[in-house]
K.L.:
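The structure under discussion is supplied below as structure tokens; questions concerning it will follow.
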Amino acid sequence: MREFRKKQKRFYNLLKAVVIIGAVFMFTYIGIQPYVVKLSSLAAVICNYICDFLVIGIMVIVFLYYTKYGKCDSFLTSVENEISDAGYYLSSRTEDEQSSYISSMYNDLRECGYLMSKNIEINEFLFDFRALKKKEFFYACAVDSVDKNDVLAYLDAVIYDLTVQNIFRRGSAVLCFVTDTAQESAVALSKMVTTLGKKEQLKVAISICELSTDRVYFLGNVKTKCQQMITNFVMNCELPIKEEYIGREKLPFQGELEEKMKAFNLKDFRAGNFTAH
């Protein structure tokens with residue numbers, strides 16, 4: 001991934017250089033065009049051809065750049081955020097039981113004007129509550145021991161509820177697990193943000209609150225509405241997150257993800273044969 005990013009950076013620098021040179025030349029020529037025409041009509045024709053060539057050249061380079069790098073840029077950025085993020089965060093809530101922790105989140109969301117629904121079933125999966133407010137959505141469920149399969153199954157249920165049942169096309173959603181034990185396979189997915197729509201208008205972030213350690217696993221180094229909701233309602237903290245609530249220890253899956261991304265190549269990505277998780 002690093003080598004790929006280096007190539008992308010070199011291409012981007014070339015793109016910037018060509019755009020700057022082209023813009024400077026064309027704006028300069030616009031200012032001196034009357035004098036060039038008076039001096040030599042041949043010189044004016046040559047300058048016009050140069051301007052046309054620069055415009056075409058800029059369009060070609062821009063097209064090549066976004067064709068090659070545009071589709072994978074957001075994917076690589078999301079992976080880089082997962083790798084660079086703190087391993088975990090610490091909750092300031094004092095509740096040590098699933099029911100009381102969820103009740104505390106429920107009350108905070110209700111006080112903030114969310115439309116609350118308790119004990120709802122979506123595709124045969126039970127959620128302790130769902131909170132809705134404009135373009136903000138929050139789902140919470142208690143699971144004794146969360147693993148990868150739980151995360152994926154509940155995530156599918158949330159996406160179905162948002163896009164099929166309620167027909168939401170824009171907004172930010174949080175799927176929060178309150179658990180006694182978070183398995184490594186689940187933690188490895190905790191920093192994954194699922195985006196829906198051509199322009200990624202709908203985002204679903206995962207948060208895992210492990211009561212036995214007071215740890216909260218989620219993507220916390222990107223300023224989004226999802227990050228704000230998790231910080232406010234899961235951790236009961238304010239933004240920016242204070243140092244005392246940030247666990248600086250990196251987790252094994254972050255190193256494994258970084259190692260896996262060394263094999264990233266554009267051909268496999270375009271063919272759909274490369275996934276981060």
Side-chain angles (χ1 to χ4, degrees), residues 81-112 114 116 118-119 126-131 136-155 158 172-193 204-257 277:
N81 290 333
E82 291 186 46
I83 294 172
S84 63
D85 193 18
Y88 58 88
Y89 296 83
L90 298 171
S91 175
S92 71
R93 293 192 185 276
T94 57
E95 295 82 5
D96 55 5
E97 294 183 356
Q98 293 177 1
S99 59
S100 58
Y101 202 100
I102 286 178
S103 294
S104 182
M105 289 194 300
Y106 179 93
N107 292 332
D108 288 348
L109 285 158
R110 184 178 58 184
E111 289 178 4
C112 288
Y114 285 79
M116 309 301 297
K118 270 189 174 183
N119 300 321
L126 182 64
F127 292 81
D128 289 78
F129 71 77
R130 178 186 64 193
E136 299 174 20
F137 323 112
F138 195 104
Y139 296 76
C141 54
V143 181
D144 292 336
S145 179
V146 177
D147 62 16
K148 179 180 180 179
N149 293 328
D150 293 320
V151 173
L152 295 177
Y154 278 89
L155 178 61
V158 167
S172 301
V174 171
L175 168 58
C176 177
F177 293 93
V178 179
T179 183
D180 294 322
T181 306
Q183 303 293 333
E184 287 187 14
S185 62
V187 173
L189 299 179
S190 62
K191 297 184 183 298
M192 178 181 70
V193 177
V204 185
I206 297 166
S207 170
I208 302 175
C209 179
E210 189 176 44
L211 298 180
S212 58
T213 60
D214 289 330
R215 291 182 176 184
V216 179
Y217 302 99
F218 75 104
L219 184 66
N221 63 344
V222 182
K223 293 182 179 179
T224 62
K225 178 58 69 174
C226 294
Q227 179 213 36
Q228 181 184 342
M229 286 192 288
I230 294 171
T231 304
N232 293 163
F233 301 117
V234 181
M235 294 173 57
N236 195 32
C237 299
E238 299 294 332
L239 287 172
I241 303 173
K242 295 180 180 178
E243 290 293 324
E244 62 189 287
Y245 297 118
I246 303 176
R248 294 299 178 183
E249 174 191 353
K250 292 291 183 178
L251 299 180
F253 86 89
Q254 291 174 294
E256 294 169 3
L257 181 58
H277 300 284

K.L.:
Heavy-atom distance under 4.5 Å between the side chains of I208 and V216, does that happen here?
P.N.:
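With C-beta onward as the side chain, the pair stays apart.
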K.L.:
Walk me through it: do V204 and V193 pass the test side-chain contact (heavy atoms from CB on, under 4.5 Å)?
P.N.:
CA-CA 6 Å; V204 185; V193 177; over 6 Å; no
K.L.:
With no hydrogens and no angle check, is any side-chain donor or acceptor of S92 less than 3.5 Å from a backbone partner on N236?
P.N.:
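Flag set: sc S92 to bb N236 pair under 3.5 Å.
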K.L.:
Are the side chain of S185 and the backbone of K148 linked by a donor-acceptor contact shorter than 3.5 Å?
P.N.:
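Flag set: sc S185 to bb K148 pair under 3.5 Å.
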K.L.:
Looking at side-chain heavy atoms only, is the closest gap between L90 and M235 below 4.5 Å?
P.N.:
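No, their side chains stay 4.5 Å or more apart.
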K.L.:
Passes side-chain contact (heavy atoms from CB on, under 4.5 Å), M229 versus E136? Steps please.
P.N.:
CA-CA 9 Å; M229 286 192 288; E136 299 174 20; 3.9 Å; yes
K.L.:
Tell me if a side-chain donor or acceptor on S104 pairs with a main-chain N or O of Y101 at a distance below 3.5 Å.
P.N.:
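The answer is no, because no donor-acceptor pair under 3.5 Å joins these two groups.
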K.L.:
For I83, is there any backbone N or O sitting under 3.5 Å from a side-chain donor or acceptor partner on K191?
P.N.:
no
K.L.:
Report yes if the side chains of K242 and C237 come closer than 4.5 Å at any heavy-atom pair, otherwise no.
P.N.:
no
K.L.:
Within the side chain of T231, is there an N or O that forms a donor-acceptor pair under 3.5 Å with the backbone of E238?
P.N.:
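Not confirmed, T231 side chain does not pair with E238 backbone.
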K.L.:
In the structure I gave you, are the side-chain heavy atoms of F129 and I102 within less than 4.5 Å of one another anywhere?
P.N.:
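F129 vs I102: side chains touch.
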K.L.:
Do F233 and C112 have side-chain heavy atoms sitting under 4.5 Å apart?
P.N.:
yes
K.L.:
Measure the shortest side-chain to side-chain distance between Q98 and L211 over non-hydrogen atoms and say whether it is less than 4.5 angstrom.
P.N.:
yes
K.L.:
For the pair Q227 (side chain) and N221 (backbone), establish whether a donor and an acceptor sit closer than 3.5 Å, ignoring hydrogens and angles.
P.N.:
no
K.L.:
About how many Å separate CZ of R130 and CG of N119, when rounded to the nearest 0.5 Å?
P.N.:
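Interatomic distance, N119 CG to R130 CZ, rounded to 0.5 Å: 12.0 Å.
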K.L.:
Under a 3.5 Å distance rule, please check whether D85 uses its side chain to pair with a backbone N or O of N81 as donor and acceptor.
P.N.:
no
K.L.:
Can E243 and R248 be counted as an ion pair, charged N to O under 4.0 angstrom?
P.N.:
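Judged by the 4.0 Å cut-off on N to carboxylate O distance, E243 and R248 do form a salt bridge.
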K.L.:
With a 6.0 Å cut-off (strictly less than), is the heavy-atom count around NZ of K250, excluding the residue itself, greater than 12?
P.N.:
yes
K.L.:
Got a second to check how far E184's CD is from L251's CG, nearest 0.5 Å?
P.N.:
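Rounded to the nearest 0.5 Å, the CD-CG separation comes out at 9.0 Å.
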K.L.:
Roughly how far, to the nearest 0.5 Å, is the CZ atom of F253 from the OH atom of Y217?
P.N.:
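Going from OH on Y217 over to CZ on F253, the span is 9.5 Å.
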K.L.:
Donor-acceptor pair, distance only, cut-off 3.5 Å: does the side chain of D150 make one with the backbone of D147?
P.N.:
yes
K.L.:
When the aromatic ring centroids of F138 and Y114 are compared, is their separation below 6.0 Å?
P.N.:
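They do not qualify: ring centres at least 6.0 Å apart.
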K.L.:
Only one of V234, D128, N232 forms a side-chain contact (heavy atoms from CB on, under 4.5 Å) with M105, so which one is it?
P.N.:
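Only one of V234, D128, N232 forms a side-chain contact (heavy atoms from CB on, under 4.5 Å) with M105, namely V234.
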K.L.:
How about R215 and Y89: do any of their side-chain heavy atoms sit closer than 4.5 Å?
P.N.:
no
K.L.:
For T179 and D144, which I'm curious about, is there any donor-acceptor pair between the side chains at under 3.5 Å?
P.N.:
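No, no side-chain donor-acceptor pair sits under 3.5 Å.
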K.L.:
Using modelled atom types only, decide if a donor and an acceptor are shared between the side chain of R93 and the backbone of D214 within a distance under 3.5 Å.
P.N.:
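Looks like no, no N/O pair under 3.5 Å.
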K.L.:
How close do V174 and C226 get, heavy atom to heavy atom, and via which atoms?
P.N.:
CG2-O, 3.9 Å
K.L.:
Is the closest side-chain heavy-atom distance between M116 and Y106 below 4.5 Å?
P.N.:
yes
K.L.:
Could you check whether Y88 and S190, counting side-chain N and O atoms only, form a donor-acceptor pair closer than 3.5 Å?
P.N.:
no
K.L.:
Without hydrogens or angle criteria, can the side chains of E210 and T181 be said to hold a donor-acceptor pair below 3.5 Å?
P.N.:
no
K.L.:
How far does CE of M192 sit from CG of L219, to the nearest 0.5 angstrom?
P.N.:
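The distance works out to 11.5 Å.
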K.L.:
Between K225 and S172, which heavy-atom pair has the shortest distance, and what is it?
P.N.:
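Smallest heavy-atom distance, with atoms named: CB-OG, 3.5 Å.
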K.L.:
Please confirm whether F127 and Y154 have ring centers closer than 6.0 angstrom.
P.N.:
yes
K.L.:
If you round to the nearest 0.5 Å, how far is SG of C141 from CG of L175?
P.N.:
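That separation rounds to 5.5 Å.
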